[in-house]
Amino acid sequence: AQSVSQHNHHVILSEAASLELGCNYSYGGTVNLFWYVQYPGQHLQLLLKYFSGDPLVKGIKGFEAEFIKSKFSFNLRKPSVQWSDTAEYFCAVNARKSSASKIIFGSGTRLSIRP
Amino acid sequence: DVKVTQSSRYLVKRTGEKVFLECVQDMDHENMFWYRQDPGLGLRLIYFSYDVKMKEKGDIPEGYSVSREKKERFSLILESASTNQTSMYLCASSLERRDQPQHFGDGTRLSIL
């Protein structure tokens with residue numbers, strides 16, 4: 001069965017530090033991959049997505065993610081975080097052979113940025 | 001811009017009550033979803049619908065039912081609320097294509113006393 005693992009439950013960084021949040025999925029076929037962000041008190045919104053082509057995907061607010069098929073990973077990165085990046089981040093996978101648009105979410109990583 | 005509207009941000013109900021959570025989207029999306037979000041567990045899919053009057057169980061459908069009489073509206077029903085259903089409930093919608101992301105509502109924080 002499909003599953004998504006986010007290894008870090010809570011990450012604490014100082015402003016200007018570099019960020020990498022891990023995401024691994026289990027599915028042998030072709031996948032669509034997403035990162036969503038939930039700022040405090042707000043709804044989930046799409047950060048970036050990968051469907052095909054260049055495995056390095058750029059999203060909003062300076063975030064990027066790299067799809068490494070051999071490692072079943074889709075890690076999220078940002079070279080220099082800001083206090084406003086404090087949020088919860090969710091990795092999600094949609095396996096293309098599954099029922100229409102059923103997306104599996106990871107358990108989330110809470111990111112806290114010290115000013 | 002897509003708008004997914006959930007009828008209540010906060011709701012308090014009593015054990016045994018029948019509870020209705022409403023969700024409306026304004027972008028003519030085929031797919032609609034109900035999730036619950038609990039700390040450390042991420043988002044877990046309760047039910048989804050890919051067309052009017054069509055529904056499929058998600059990963060945790062027990063104790064819930066849904067209704068989709070119109071394309072824009074998807075209701076989640078707690079038949080007899082229990083304290084373990086205290087949670088944040090999120091509604092989402094998307095186009096039918098699998099490469100389309102989901103658009104989420106603001107959530108309903110439901111407390112069952």
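Reckoned from all heavy atoms, side chains included, excluding hydrogens, waters and symmetry mates. In what follows, chains are A, B, ... by sequence order, proteins preceding strands, each numbered from 1.
For a residue to count as touching a neighbouring chain, one of its non-hydrogen atoms must lie under 4.5 Å from one of that chain's; by this rule A/L46 touches chain B with the side chain only. Only the backbone of B/L41 comes within contact range of chain A, judged by heavy atoms closer than 4.5 Å. Heavy-atom distances place the side chain of A/E88, and not its backbone, under 4.5 Å from chain B. Of the atoms belonging to B/R9, it is side-chain heavy atoms, and not backbone ones, that fall under 4.5 Å from chain A.
Tracing side-chain contacts under 4.5 Å through hydrophobic residues (I, L, V, M, F, W, Y), one never reaches B/Y89 starting from B/L45; they form parts of separate clusters. The cluster map of Ile, Leu, Val, Met, Phe, Trp and Tyr, joined by side-chain heavy atoms under 4.5 Å apart, puts B/F104 and B/V66 in different clusters. Residues B/M27 and B/M32 fall into different hydrophobic clusters, defined by Ile, Leu, Val, Met, Phe, Trp and Tyr side chains chained together at heavy-atom separations under 4.5 Å. Linking Ile, Leu, Val, Met, Phe, Trp and Tyr whenever their side-chain heavy atoms come within less than 4.5 Å puts B/L110 and B/Y47 in one cluster. The hydrophobic cluster containing B/F74 does not contain B/Y50, counting ILVMFWY residues as joined when their side-chain heavy atoms lie under 4.5 angstrom apart, directly or transitively.
Taking CD from A/Q38 and CG from B/D106, the interatomic distance works out to 9.5 Å, rounded to the nearest 0.5 Å.
The environment of CZ in A/R77 is crowded: more than 12 heavy-atom neighbours from other residues, nucleotides or ligands sit within 6.0 Å. Applying the 6.0 Å contact sphere to CZ of A/R110 captures no more than 12 heavy atoms from other residues, nucleotides or ligands.
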**Message:** I'd like to know whether B/Q102 forms a side chain to side chain contact (heavy atoms under 4.5 Å, CB included) with A/I103, so could you lay out the CA-CA distance, the side-chain angles of the two residues, the decisive distance to 0.1 Å, and finally the verdict.
**Reply:** CA-CA 9 Å; B/Q102 296 176 329; A/I103 296 180; 3.8 Å; yes

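Interface summary for chain A: among B/G105, B/A92, B/G42, the most heavy-atom pairs under 4.5 angstrom belong to B/G42. Ranking A/V4, A/L44, A/T109 against chain B, the residue ahead of the rest is A/L44, based on heavy-atom pairs under 4.5 Å.
Side-chain N or O atoms of B/Y35 include none that pairs as donor or acceptor with a backbone N or O of A/F105 at under 3.5 Å.
Looking at every heavy atom in both residues, A/S107 comes nearest to B/G40 through CB-O, 3.5 Å.
Side-chain contact between A/F90 and B/Q37: present, with at least one pair of heavy atoms (C-beta onward) separated by less than 4.5 Å.
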